[in-house]
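Let me begin by presenting the structure, written as structure tokens, before commenting on it.
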Amino acid sequence: MTPAPSDRIRQLAREAAAMLAVPPRPAVADDIAAFVTTLGPTAAMDDLDALAEEAPDAAATYHVRGEALAALDRLAAACDEFRYATEIDDEAIAPRWRLAEIEAERDRPHEAADAWDAIAERGVEEPAVFEHLGYALLDADEPTRAIAAFEEGLALAPNNGRLLAGRGAAALALDLMDDALTDATAALRHAPEDIECWETLADVHMARGETASAMTAIERLLALAPGHIEALRMRGDAQWDAGDIAAAVADYTAALATEPDDPETLIAAAEGHLRLGEAEKALANTARVLAHDAADPDAIALTARAEAALGRLTEARERLDRGIETIEDPAALYLARADQHLAAGRTNLAWRDARWAIDADPELGAAYVLRARLALDLESPAEAMADLDAAVELDPKDGAALAWRGRAHQRAGRTQDATLDWDAARALLPSTDPLLAEIHAWRSDI
């Protein structure tokens with residue numbers, strides 16, 4: 001015979017039932033978590049199973065079970081329970097709200113957005129719903145829908161800084177730079193101490209190439225939150241753009257102290273170590289990426305570059321060959337192998353691998369630049385110009401593409417066009433980039 005649920009779990013279910021139609025109150029989740037802690041996971045789940053046997057058709061039953069599983073960090077199972085609660089009561093708000101929050105915590109932005117959207121469709125006109133929906137849509141790479149969500153929220157709360165910052169971030173994702181800056185600036189007028197608003201402003205300034213303004217926003221963000229990981233990463237990026245590679249690596253390393261396995265930061269730090277001649281440190285970083293994802297193309301390519309820098313050329317080449325044969329997206333590996341061929345004087349093989357890199361990823365600007373350099377060496381300036389135009393079209397702020405396009409213009413006798421491209425490249429390249437010395441030498445030939 002199935003035991004009856006305890007009086008305490010029945011009481012918690014009554015509390016949950018009373019709030020099904022409204023956003024969840026944190027106190028209820030705290031009470032359920034305390035119940036699980038006091039009783040212990042096994043006994044608590046036995047009691048929750050008894051509740052489901054006694055009240056199988058009550059949405060509150062599964063809301064309580066969801067909160068208990070969330071307290072046990074069983075997030076996928078918690079989502080199942082909250083979702084089942086909404087199937088029993090299609091108008092229930094609280095379990096749908098918690099489903100949205102936990103799907104976001106699980107880094108499932110599409111599912112989180114669907115849940116927030118369903119809450120909005122049920123007439124919950126709270127700015128927080130549209131804020132969460134907008135940010136979930138941003139994470140799901142749907143900036144146009146995100147703007148619509150933020151604007152619905154702003155219709156309810158026109159001076160809400162988080163909504164303005166979100167709309168600014170969505171505008172930035174759509175390359176609407178002026179709109180992004182307007183919203184990011186307005187957000188801080190209404191929420192001058194909000195970390196999210198400062199982060200958005202820093203992102204916008206970085207995207208606009210306004211490094212000094214970005215650094216001001218980042219420093220303000222770090223003053224409010226000294227260990228803010230995204231701010232440290234952004235400051236590292238800004239230091240990199242300013243040519244201070246050592247300072248950039250220091251910031252990436254500080255961010256890794258909190259999130260030691262973040263692949264993007266590990267890759268950035270590894271690239272910095274390579275630029276500083278610290279190949280062994282670069283290898284240590286890429287090894288941590290590959291320990292979690294052995295098929296990460298950027299980590300494989302960086303590892304091979306570090307091995308080559310240490311004179312382990314055969315090992316580097318074999319690593320690239322294996323990666324090209326096995327991973328789905330080998331463009332970065334073709335490019336790295338092309339660099340190795342070029343360094344060894346194997347021009348035709350370098351050109352071939354650059355071509356294959358472009359075939360694998362037509363938006364890999366660095367491959368167009370490398371193939372163009374080879375075309376210039378092979379006295380094919382028209383082919384070089386076509387590739388460099390493609391690289392600049394992909395990224396108008398690609399300093400390397402602009403520098404080499406200037407060289408191509410020079411070789412074709414278009415001195416004025418060359419000067420324009422070199423001036424643009426000098427404004428974009430870090431102060432330590434070797435290409436700056438090349439541009440100076442090329443100018444002396446005019």
Side-chain angles (χ1 to χ4, degrees), residues 135 138-139 141 143 146-147 150 161-162 164-189 191-192 194-256 258-259 262-272 275 298 363 365-366 391-392 394-402 424-433:
Y135 280 106
L138 268 181
D139 290 340
D141 198 24
I147 286 179
F150 289 126
R162 295 295 293 274
L164 286 164
R167 189 172 67 179
L172 179 60
L174 293 168
D175 291 327
L176 302 172
M177 296 294 185
D178 291 341
D179 291 346
L181 183 59
T182 297
D183 274 343
T185 304
L188 283 164
R189 284 200 301 272
D194 190 283
I195 292 171
E196 188 78 39
C197 295
W198 281 107
E199 184 177 344
T200 300
L201 182 63
D203 280 335
V204 171
H205 281 310
M206 286 286 286
R208 291 167 63 94
E210 299 161 350
T211 304
S213 296
M215 284 294 285
T216 299
I218 292 166
E219 294 297 349
R220 177 60 177 157
L221 173 52
L222 285 169
L224 291 168
H228 194 282
I229 295 168
E230 288 302 325
L232 289 167
R233 290 173 184 148
M234 278 195 291
R235 190 170 68 180
D237 292 342
Q239 303 276 24
W240 188 286
D241 289 345
D244 194 342
I245 306 301
V249 171
D251 277 333
Y252 297 143
T253 303
L256 289 169
T258 301
E259 285 191 11
D262 179 72
E264 183 179 350
T265 310
L266 285 165
I267 292 293
E271 181 69 49
R275 296 286 185 94
D298 292 325
E363 296 188 1
V392 173
L394 286 168
D395 181 5
K397 295 180 179 179
D398 186 336
L402 288 163
R426 290 179 63 186
L428 293 166
L429 291 168
S431 60
T432 55
D433 196 300

### Task
Start with the C-alpha gap between Leu174 and Ile147, add the side-chain angles, then the distance that decides, and say whether side chain to side chain contact (heavy atoms under 4.5 Å, CB included) holds.
CA-CA 10 Å; Leu174 293 168; Ile147 286 179; 3.6 Å; yes
Of all heavy-atom pairs linking Leu221 and Ala231, the shortest is CD2-CB, 3.4 Å
| So Trp198 and Ile195, side chain to side chain contact (heavy atoms under 4.5 Å, CB included) or not? Walk me through it. | CA-CA 5 Å; Trp198 281 107; Ile195 292 171; 5.9 Å; no
To the nearest 0.5 Å, atom CG of Leu222 lies from atom CG of Asp251 at 7.5 Å
One should read off an interatomic distance between Ile245 CD1 and Glu271 CD, to the nearest 0.5 angstrom, of 8.5 Å
Taken to the nearest 0.5 Å, the spacing of Glu196 CD from Leu164 CG works out to 12.5 Å
| query | Could you walk me through whether Leu201 and Thr185 pass the side chain to side chain contact (heavy atoms under 4.5 Å, CB included) check? | reply | CA-CA 7 Å; Leu201 182 63; Thr185 304; 4.2 Å; yes
Here the pair of heavy atoms bringing Lys397 nearest to Gly209 is NZ-N, 3.5 Å
Between Arg233 and Ala255, the two heavy atoms sitting closest are CG-CB, 4.1 Å
Tyr252 meets the ring-ring contact (aromatic ring centres under 6.0 Å, His included) criterion, sequence neighbours left out, with none
One should read off an interatomic distance between Leu172 CG and Asp183 CG, to the nearest 0.5 angstrom, of 11.0 Å
Open item on the list: Do His228 and Glu199 have side chains that approach each other closer than 4.5 Å (heavy atoms only, starting at C-beta)?
Closed with: yes
For residues 203-228, the salt bridge (Lys or Arg N to Asp or Glu O under 4.0 Å) pairs (sequence neighbours left out) are Asp178-Arg208, Glu193-Arg220, Arg208-Glu210, Glu219-Arg235
For Thr200 and Ala184 the tightest heavy-atom approach is CG2-CB, 4.1 Å
In this structure, CE of Met177 is separated from NE2 of His205 (nearest 0.5 Å) by 12.0 Å
Closest non-hydrogen atoms of Phe150 and Arg167, given as atom of the first, atom of the second and distance, are CD1-N, 3.4 Å
- Item | Exceeds 12 heavy-atom contacts within 6.0 angstrom, atom CD of Glu259 | yes
Nearest heavy-atom approach of Gly399 to Ala425 is O-CB, 3.4 Å
Separation between OG1 (Thr265) and CG (Leu232), nearest 0.5 Å, reads 9.5 Å
**Asked** Does the side chain of Thr211 reach to within under 4.5 Å of the side chain of Ser213, using non-hydrogen atoms?
**Response** no
